[in-house]
Amino acid sequence: MQRDNITIVYKDIKHANLKVKPNQEVLLTVPLDMTDREIEHILLKRANWINQQLALFQKNTQPNKELVSGESFIYLGRNYRLKVIESNEEKARLNRGYFELFVKNKNDYSRKEKLINDWYKFRAIEYFQKNIEKYNAIVKLEIKAVRIRSMKTRWGSCNPKKSYINLNLELIKKPKSSIEYVIFHELVHLIHNDHSKNFYNYLSLHMPDWQKRKAKLEML
């Protein structure tokens, strides 16, 4: 882990707070009385997580795909080769290990992009809702709205006061177990609106392997 992109900010707070920004800046906000040794301990302890976040943001800034046959697309943790097919009927589907894209004009990038994004969003709505129902059987609290959108820094978020759950569209590309972790994580925030000991105790009680599921989020 490089240290030249790490910013240390001292504030009148009780606990340290570590963030990795999309511009790949690492921001560590610490109490006014925290020592250099304690800061070094935090950075060493969280080094793997920091590197994972940096790699994620770097991957998300890579050039867009050309949307031509042979490119790789991910769905539920599995890679599928794109096969672009000229057809009067436009649609996208998975078929025998391929992500098939039927389009009238193979050179129409915008149309291909829309068909692919619409397919991902439709699958995400369907799959996320199924898992929300599964894990809300544990939490047993009302969810007034589920929003699926593109987010640069989070896989999900929760607004306990309004009972809203937000999920990152990119999450549909991750392994099933990791998707379940993110969904359950956000649902637990309806009960515990923080990352306190009580939050993690509840999470661990109903999903003992949550750390393994979380680790898989950054593997693809």
Side-chain angles (χ1 to χ4, degrees), residues 22 52-53 55-138 143 145-158 164-187 206-207 209-220:
Q52 288 175 353
Q53 296 303 303
L56 175 65
F57 289 131
Q58 186 177 16
K59 183 170 66 173
N60 287 341
T61 58
Q62 291 177 355
N64 292 331
K65 293 180 181 293
E66 296 181 17
L67 306 186
V68 295
S69 293
E71 288 183 322
S72 179
F73 280 78
I74 304 173
Y75 173 65
L76 296 181
R78 293 185 59 187
N79 281 288
Y80 295 86
R81 288 291 177 188
L82 178 65
K83 184 184 290 186
V84 182
I85 303 166
E86 284 192 2
S87 172
N88 289 327
E89 181 185 1
E90 296 188 321
K91 62 181 180 179
R93 71 178 186 185
L94 295 182
N95 184 38
R96 299 181 179 180
Y98 284 93
F99 184 14
E100 295 181 337
L101 183 63
F102 296 84
V103 64
K104 293 178 182 178
N105 182 0
K106 287 174 132 184
N107 297 319
D108 189 341
Y109 183 93
S110 297
R111 182 57 180 161
K112 289 189 290 184
E113 184 179 46
K114 184 179 187 307
L115 285 168
I116 291 172
N117 288 339
D118 287 350
W119 183 88
Y120 270 122
K121 190 163 187 179
F122 176 81
R123 291 295 182 120
I125 291 171
E126 185 178 59
Y127 193 79
F128 293 170
Q129 186 59 43
K130 181 176 71 173
N131 281 280
I132 287 170
E133 292 173 2
K134 173 182 176 180
Y135 285 98
N136 199 34
I138 298 172
I143 303 169
V146 178
R147 298 169 178 172
I148 299 173
R149 55 195 180 93
S150 296
M151 293 187 277
K152 292 184 177 180
T153 61
R154 296 182 177 183
W155 293 117
S157 63
C158 173
Y164 289 172
I165 300 291
N166 297 309
L167 295 170
N168 194 332
L169 178 58
E170 289 293 304
L171 189 61
I172 195 61
K173 299 177 183 179
K174 297 300 178 178
K176 295 178 181 179
S177 62
S178 297
I179 295 173
E180 291 183 13
Y181 156 71
V182 172
I183 288 174
F184 188 48
H185 181 113
E186 301 309 333
L187 289 176
H206 297 285
M207 188 178 281
D209 62 341
W210 68 266
Q211 289 175 305
K212 291 181 179 179
R213 294 170 181 253
K214 181 181 178 182
K216 286 184 179 180
L217 278 171
E218 315 305 337
M219 289 178 65
L220 293 174

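Positions are given from 1, in the same order as the sequence printed here. Below, each value reflects all heavy atoms present in this structure, side chains not excepted, and no hydrogens, waters or symmetry copies.
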Look up atom [atom1] in [X] and atom [atom2] in [Y], then write down how far apart they are to the nearest 0.5 Å.
X: R123; Y: K173; atom1: CZ; atom2: NZ; result: 14.5 Å
X: L82; Y: E66; atom1: CG; atom2: CD; result: 11.5 Å
X: K83; Y: N95; atom1: NZ; atom2: CG; result: 7.5 Å
X: S87; Y: L101; atom1: OG; atom2: CG; result: 10.0 Å
X: C158; Y: I165; atom1: SG; atom2: CD1; result: 3.5 Å
X: Y127; Y: L76; atom1: OH; atom2: CG; result: 5.5 Å

Taking the six-membered ring where the residue is Trp, are the ring centres of W119 and F73 under 6.0 Å apart? no
Close aromatic pair by centroid cut-off 6.0 Å: Y135 and F184: yes
[X] bridged to [Y] by N-O distance under 4.0 Å:
X: E90; Y: R111; result: yes
X: R213; Y: D209; result: yes
X: K112; Y: D108; result: no

Determine whether more than 12 heavy atoms belonging to other residues, nucleotides or ligands lie under 6.0 Å from atom [atom1] of [X].
X: F102; atom1: CZ; result: yes
X: R93; atom1: CZ; result: yes
X: K91; atom1: NZ; result: yes
X: N105; atom1: CG; result: yes

In the structure I gave you, are the side-chain heavy atoms of [X] and [Y] within less than 4.5 Å of one another anywhere?
X: Y80; Y: Y98; result: no
X: K212; Y: K214; result: no
X: W210; Y: H185; result: no
X: L94; Y: E100; result: no
X: L171; Y: F128; result: yes

So, [X] side chain and [Y] main chain: donor-acceptor pair closer than 3.5 Å or not?
X: E113; Y: Y109; value: no
X: S72; Y: N79; value: no
X: E186; Y: I183; value: no
X: N168; Y: R154; value: yes

Determine the interplanar angle of the F99 and Y120 rings, folded into 0 to 90°, and report it as parallel if under 30°, tilted if 30 to 60°, perpendicular if over 60°. perpendicular
Residues E180, K134; criterion salt bridge (Lys or Arg N to Asp or Glu O under 4.0 Å); working and verdict: CA-CA 9 Å; E180 291 183 13; K134 173 182 176 180; 3.5 Å; yes
I want to check a possible cation-pi pair here: K174 against Y181, using under 6.0 Å from ring centre and within 45° of the ring axis as the test. no
